[in-house]
Amino acid sequence: MTLDRSDTVNRAGHLALIFSSLKALGISDRAFFNDVLRGVLLANPCVLGVWSVWEPNALDGRDTEFAGALGHDTSGRFVPLWHRHGGKIQLEPNTNYDQPEAEWYFAASRRRREVVIDPYEYPVGGKWLFITSQAAPIMSNGNCVGVAGFDIHMDSLLEAEQKPAVFEPIEAVLGRGHVLLDEHGAMRYCSHSTRRLITRYVGKCPDSSRVLPEPLHDLVIKKLERGFFSSSRSQNSEWTFENGDHKLVMRFTRHPHAGCFLLLVDEQFSGGKTCAPAAELTPREQEVADWMCQGKSNEEIAIILGISVHTVKNHLDKVFRKLGVENRYAAAVALQFRSGRRQETQART
């Protein structure tokens, strides 16, 4: 048995749903679950690690048989972490998952929903790395039996000025926007989608692309002037900007080693649900999506645009991935919502 279309599994919620479904089907082969994790990591090059932590004996009731085995700790719990290290894919057990401060595990299991954890330090491959995680609960018969997640090495964002394309897949996986700031609070990099999101709630950025909108810029500078981070690198600051029944929540944190700062950008609806900043569609992707929304099949779109059916399919796969959806109906709804939000913004300006 193989995992089909692992390239579309780019959210923790997708992975947790797969594991929940496999368990419901009575599949509990640990080797197979490891193959799924490894395949998902290979299909997502922007991801540092893919993992799961199962409750004691929740997968197959055989923890004692696996005590100390590869990808397991001395308890035998199924806690595999597949990660990139030294140019290779490696497997090791998750550690410290039972500690009170392990929000990367407990937040998803307690809230029973997909969550994004603010950046923190964690040992991977014998080295402490500054990472952030997205995690989601694995459910069975109404109970949380474990958590599945993705890890992103935040150092990847430091390369954005030279490699701006790195931001888009990271923001797509995490469902969160990021603004990279230098030690003086000047903007080093911000994706187009995150910049538009900030403009909608805070105001337009000045002509200089390195300066934040004035209200946000002032808040950042005040924190820096007060030496807010001098006593503890775990401290952060949160600001909220409201717009009707939506709000933009921004947290300000620093990189513990690189001498720079990050703004973490989350848009939330009235119910508190986070909405990822939508990645931009290319003109051709938008064109294919428009015909899809009109009910045209892949074959019909290929004829209309004079391209192959395979090319149409590739464009639609990218559209689905950028919108965070898995099928044509969901994509059409997401595109309609995005269009409505864009019209709202234009009307206000």
Side-chain angles (χ1 to χ4, degrees), residues 1-22 24-25 27 32-33 35-47 50 82 84 89 114 134 136 148 150 152 156 163-177 191-194 196 275-343:
M1 185 175 183
T2 59
L3 175 66
D4 294 329
R5 300 296 308 283
S6 61
D7 59 311
T8 64
V9 184
N10 59 1
R11 297 285 297 234
H14 300 162
L15 182 59
L17 181 59
I18 288 173
F19 284 174
S20 297
S21 300
L22 291 173
L25 293 171
I27 299 172
F32 175 69
F33 278 74
D35 285 343
V36 171
L37 291 168
R38 186 176 184 277
V40 170
L41 181 59
L42 287 170
N44 290 278
C46 71
V47 172
V50 180
W82 285 90
R84 292 184 166 88
I89 301 296
E114 186 180 78
Q134 183 189 67
F150 288 72
I152 300 290
S156 300
K163 302 177 182 179
V166 73
F167 251 59
E168 183 177 295
I170 289 177
E171 291 188 333
V173 170
L174 294 175
R176 163 181 283 172
S191 69
H192 293 299
S193 55
T194 299
R196 283 198 310 275
C275 175
E280 277 296 285
L281 302 184
T282 66
R284 178 61 92 182
E285 289 166 358
Q286 186 65 57
E287 196 173 18
V288 171
D290 288 342
W291 285 113
M292 177 203 70
C293 289
Q294 295 182 40
K296 301 298 184 182
S297 67
N298 288 6
E299 290 76 12
E300 290 172 323
I301 296 173
I303 293 172
I304 293 170
L305 299 181
I307 56 180
S308 70
V309 175
H310 178 72
T311 300
V312 172
K313 182 178 178 299
N314 284 342
H315 283 312
L316 286 177
D317 284 344
K318 293 177 182 177
V319 169
F320 294 170
R321 191 175 300 121
K322 289 181 178 182
L323 295 176
V325 301
E326 300 180 12
N327 56 58
R328 298 168 77 96
Y329 175 77
V333 172
L335 287 165
Q336 184 178 19
F337 176 79
R338 178 189 284 197
S339 177
R341 291 299 301 276
R342 186 178 294 114
Q343 291 172 7

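Residue numbers run from 1 in the order of the sequence given. Just so it is clear, the values below take in all heavy atoms, side chains as well, and ignore hydrogens, waters and symmetry mates.
- E300 is linked by a salt bridge (Lys or Arg N to Asp or Glu O under 4.0 Å) to nothing, counting only residues two or more places apart in sequence or in another chain.
- Q294 pairs by the side-chain hydrogen bond (donor to acceptor under 3.5 Å, both in side chains) definition with nothing, not counting sequence neighbours.
- Side-chain N or O atoms of E114 include one that pairs as donor or acceptor with a backbone N or O of G13 at under 3.5 Å.
- Residues K313 and D317 form a side-chain contact, since some pair of their non-hydrogen atoms from C-beta on lies under 4.5 Å apart.
- Note that CG of L15 is 9.5 Å distant from OG of S20, once rounded to the nearest 0.5 Å.
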Exercise for the section: Applying side chain to side chain contact (heavy atoms under 4.5 Å, CB included), run through W82 and V40 and close with a yes or a no. Expected result: CA-CA 10 Å; W82 285 90; V40 170; over 6 Å; no

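- N298 and R328 share a side-chain donor-acceptor pair at under 3.5 Å.
- Contact annotation: the side chain of F33 approaches that of I27 to within less than 4.5 Å [non-hydrogen atoms, C-beta and beyond].
- Going from atom CD of E299 over to atom CD1 of I304 covers 11.5 Å, rounded to the nearest 0.5 Å.
- For the side-chain hydrogen bond (donor to acceptor under 3.5 Å, both in side chains) test, no residue two or more places apart in sequence or in another chain qualifies with S21.
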Exercise for the section: Assess whether side chain to side chain contact (heavy atoms under 4.5 Å, CB included) is satisfied between L41 and F150, documenting all intermediate values. Expected result: CA-CA 9 Å; L41 181 59; F150 288 72; over 6 Å; no

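- Note that the CG atom of L42 and the CZ atom of R38 stand 5.0 Å from one another [nearest 0.5 Å].
- Using modelled atom types, no side-chain atom of T311 and backbone atom of I307 make a donor-acceptor pair closer than 3.5 Å.
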Exercise for the section: For side chain to side chain contact (heavy atoms under 4.5 Å, CB included), just list the numbers for L22 and F32, CA-CA rounded to whole Å, side-chain angles, deciding distance to a tenth of an Å, and then say yes or no. Expected result: CA-CA 10 Å; L22 291 173; F32 175 69; 3.6 Å; yes

Practice task
Show the numbers, then the answer: is there a side chain to side chain contact (heavy atoms under 4.5 Å, CB included) between R284 and L305?
Solution key: CA-CA 9 Å; R284 178 61 92 182; L305 299 181; 3.6 Å; yes

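- Annotation: side chain of V312 is not in contact with side chain of W291 (no heavy-atom distance under 4.5 Å).
- Q134 contributes a side-chain N or O that, together with a main-chain N or O of A12, makes up a donor-acceptor pair within less than 3.5 Å.
- Here H310 contributes atom NE2 and H315 contributes atom NE2; the two are 10.0 Å apart, rounded to the nearest 0.5 Å.
- The nearest pair of heavy atoms linking M292 to F320 is SD-CE2, 4.1 Å.
- To the nearest 0.5 Å, the span separating OG on S193 from CG on L281 amounts to 11.0 Å.
- The two atoms that bring I152 and C46 nearest to each other are CD1-O, 3.6 Å, heavy atoms only.
- Of the possible donor and acceptor atoms, none in the side chain of R176 sits under 3.5 Å from a partner among the backbone N and O of I170.
- Taking both residues in full, the closest heavy atoms of S191 and E171 are given as OG-OE1, 2.9 Å, listed atom of the first, atom of the second, then distance.
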